[in-house]
Participant: 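Right, I'll just put the structure down here and ask away after.
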Amino acid sequence: MFQEFQNAISSGELQNIITSTLGQIIIVVVALLLLTIVVSVGSKSKTMKTKELVYSAIAIAIAIVLSQIKIFRLPQGGSITPFSMLFIVLIGYWFGTTQGVICGITYGLLQLIIDPWVVHPAQLLLDYPIAFGALGLSGLFRRSQNGLMKGLFIGAFGRFICHFLTGVIFFTSYAAKVNMDPTLYSMAYNISYIAVEVFLTVILLFLPPVDDAIKQLKRSAIS
């Protein structure tokens with residue numbers, strides 16, 4: 001394991017470091033540490049701290065499972081999934097921005113283990129922890145009318161901005177292959193899957209049984 005990690009470092013390829021056994025163990029440890037931070041920054045009540053951790057962990061687990069169901073997968077990364085973003089957005093909607101962002105970062109690190117595509121440290125940060133951490137911005141609207149819908153839009157937009165930037169900065173070669181401006185290419189590419197999943201999620205949230213279930217879940221989560 002250590003030899004594999006040393007070889008990965010010697011190769012100078014960040015992708016090899018991330019996919020090495022020790023590299024993945026380190027990422028898991030960091031993700032677990034982040035979850036413990038959720039407990040420390042959460043409610044002062046010990047019971048509520050436990051509840052926040054349990055609900056957050058379950059939501060992350062569901063999001064990971066759903067993210068592996070690809071309705072449509074694009075060739076250079078990115079896919080439409082059955083509502084995986086929603087469950088990260090819900091954490092912020094339940095417990096606030098800080099917990100939402102931390103759990104989103106945790107989820108992003110786990111995605112880095114499951115489906116890594118890394119060419120540069122800045123791209124890694126933007127495409128994984130920061131992009132998915134942005135979904136936790138839903139907490140900004142946790143107390144407003146139609147807060148979940150607003151949170152979904154702002155979280156998805158934050159994720160889009162991160163992927164858009166990496167497309168413009170690090171993946172311009174794909175735009176060149178189709179003789180397209182990198183900015184327009186990255187915008188169209190990332191909208192094509194993020195916007196579709198948001199659209200499908202909005203339709204889901206408009207269904208009365210789902211709306212009732214979401215409201216009941218929030219009452220249970222914060223009470």
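This one's a predicted model, so the numbers in the text were calculated from it and none came from an experiment.
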Participant: Enter the distance from Ile114:CD1 to Ile64:CD1 here, rounded to the nearest 0.5 Å.
Facilitator: 5.0 Å
Participant: Are Phe83 and Val196 joined in one hydrophobic group, where the rule is that I, L, V, M, F, W and Y side chains link up if heavy atoms are under 4.5 Å apart?
Facilitator: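 Yes, one cluster joins them.
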Participant: Can you confirm whether Ile17 sits close enough to Phe5 that some side-chain heavy atom of one is under 4.5 Å from a side-chain heavy atom of the other?
Facilitator: yes
Participant: Got a sec, which pairs hit side-chain hydrogen bond (donor to acceptor under 3.5 Å, both in side chains) with one end in residues 100-110, sequence neighbours left out?
Facilitator: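 Passing the test, one end in residues 100-110: Tyr107-Gln111.
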Participant: Considering residues at least two apart in sequence or located in another chain, which fulfil the side-chain hydrogen bond (donor to acceptor under 3.5 Å, both in side chains) criterion with Gln76?
Facilitator: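 For Gln76 the side-chain hydrogen bond (donor to acceptor under 3.5 Å, both in side chains) partners, ignoring immediate neighbours, are Tyr185.
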Participant: Within a strict 4.5 Å, meaning less than it, do heavy atoms of the Phe132 and Leu135 side chains meet?
Facilitator: yes
Participant: Determine all donor-acceptor pairs shorter than 3.5 Å in which one atom belongs to a side chain in residues 86-93; sequence neighbours excluded.
Facilitator:
none

Participant: Please find the pair of heavy atoms, one from Ser67 and one from Ser84, that lie closest to each other, and give the distance.
Facilitator: N-CB, 3.8 Å
Participant: Restricting to pairs with a member in residues 10-35, which pass ring-ring contact (aromatic ring centres under 6.0 Å, His included), not counting sequence neighbours?
Facilitator: none
Participant: In the structure I gave you, are the side-chain heavy atoms of Phe153 and Val202 within less than 4.5 Å of one another anywhere?
Facilitator: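 Sidechains of Val202 and Phe153: in contact.
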Participant: Among residues two or more places apart or on two chains, list those pairs meeting ring-ring contact (aromatic ring centres under 6.0 Å, His included) that have a residue in residues 6-36.
Facilitator: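 Checked against ring-ring contact (aromatic ring centres under 6.0 Å, His included) - neighbours excluded - no pair reaches residues 6-36.
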Participant: Looking at residues at least two apart in the chain, or sitting in another chain, which of them share a side-chain hydrogen bond (donor to acceptor under 3.5 Å, both in side chains) with Gln123?
Facilitator: Asp127
Participant: Among Gln3, Gln15, Glu4, Gln6, which residue satisfies the side-chain contact (heavy atoms from CB on, under 4.5 Å) criterion with Ser20?
Facilitator: Glu4
Participant: Would you say the side chain of Thr36 lies within less than 4.5 Å of the side chain of Leu32, judging by non-hydrogen atoms?
Facilitator: no
Participant: Working to the nearest 0.5 angstrom, can you tell me the gap between Thr97 OG1 and Ile102 CD1?
Facilitator: 11.0 Å
Participant: Just to verify, what does Lys215 make a salt bridge (charged side-chain N to carboxylate O under 4.0 Å, His left out) with, not counting sequence neighbours?
Facilitator: Asp211
Participant: Mind checking the OG-CH2 spacing from Ser138 to Trp94? Nearest 0.5 Å is all I need.
Facilitator: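 CH2 of Trp94 is found 10.5 Å from OG of Ser138.
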Participant: Between atom CG of Asn190 and atom CZ of Phe171, what is the distance when rounded to the nearest 0.5 Å?
Facilitator: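 That separation rounds to 10.0 Å.
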Participant: Do the side chains of Val119 and Phe164 join up, straight or via other hydrophobic residues, at under 4.5 Å, putting them in one cluster?
Facilitator: yes
Participant: Once rounded to the nearest 0.5 Å, what's the spacing between atom CH2 of Trp117 and atom CG of Leu112?
Facilitator: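 Interatomic distance, Trp117 CH2 to Leu112 CG, rounded to 0.5 Å: 14.0 Å.
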Participant: Determine whether Val65 and Ile80 fall in the same hydrophobic cluster, where Ile, Leu, Val, Met, Phe, Trp and Tyr are linked whenever their side-chain heavy atoms lie under 4.5 Å apart.
Facilitator: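 Not linked; separate clusters.
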Participant: Tell me every residue that passes side-chain hydrogen bond (donor to acceptor under 3.5 Å, both in side chains) with Ser220, counting only those two or more places apart in sequence or in another chain.
Facilitator: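 Applying side-chain hydrogen bond (donor to acceptor under 3.5 Å, both in side chains) to Ser220 gives Tyr55.
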Participant: Restricting to side chain to side chain contact (heavy atoms under 4.5 Å, CB included), what partner residues turn up for Phe141, sequence neighbours left out?
Facilitator: Ser144, Lys150, Ile154
Participant: Answer yes or no: is there a side-chain heavy-atom contact under 4.5 Å between Phe160 and Met187?
Facilitator: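 Yes, side chains in contact.
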Participant: Which residue pairs pass the salt bridge (charged side-chain N to carboxylate O under 4.0 Å, His left out) test with at least one member in residues 96-125, sequence neighbours excluded?
Facilitator: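 Non-adjacent pairs meeting salt bridge (charged side-chain N to carboxylate O under 4.0 Å, His left out): Arg73-Asp115.
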Participant: Are the side chain of Thr81 and the backbone N or O of Ile69 linked by a donor-acceptor pair below 3.5 Å?
Facilitator: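 No, the answer is negative, given that no donor and acceptor are paired below the 3.5 Å cut-off.
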Participant: Going by the rule side-chain hydrogen bond (donor to acceptor under 3.5 Å, both in side chains), which residues pair with Gln68 if we only count those two or more places apart in sequence or in a different chain?
Facilitator: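 In terms of side-chain hydrogen bond (donor to acceptor under 3.5 Å, both in side chains), with neighbours along the sequence ignored, Gln68 is linked to no residue.
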Participant: Of all heavy-atom pairs between Asn16 and Ser11, which one has the smallest distance, and what is that distance?
Facilitator: ND2-OG, 3.2 Å
Participant: Taking all non-hydrogen atoms of both residues into account, name the closest pair between Ser56 and Cys103 and its distance.
Facilitator: CB-SG, 3.7 Å
Participant: side-chain contact (heavy atoms from CB on, under 4.5 Å), that's the test. Do Leu152 and Leu148 meet it? Break it down for me.
Facilitator: CA-CA 6 Å; Leu152 173 65; Leu148 180 56; 5.5 Å; no
Participant: What are the two closest non-hydrogen atoms of Pro116 and Thr19, and how far apart are they?
Facilitator: CG-CG2, 3.6 Å
Participant: At their closest point, which heavy atom of Phe170 faces which heavy atom of Ala122, and how far apart are they?
Facilitator: CZ-CB, 3.9 Å
Participant: May I ask you to test the Ile25-Met1 pair for a side-chain heavy-atom distance under 4.5 Å?
Facilitator: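 Yes; the side chains approach each other to less than 4.5 Å.
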Participant: Find the distance between CG (Leu126) and NE2 (His163) and round it off to the nearest 0.5 Å.
Facilitator: 9.5 Å
Participant: Please list all pairs meeting side-chain hydrogen bond (donor to acceptor under 3.5 Å, both in side chains) that have one or both residues in residues 172-184, counting only residues at least two apart or in different chains.
Facilitator: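 For residues 172-184: none.
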Participant: Are the side chain of Tyr189 and the backbone N or O of Gly77 linked by a donor-acceptor pair below 3.5 Å?
Facilitator: yes
Participant: Does any part of the side chain of Ser79, heavy atoms only, come nearer than 4.5 Å to the side chain of Glu197, both counted from C-beta?
Facilitator: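 A side-chain contact is absent here, since even the closest heavy-atom pair is not under 4.5 Å.
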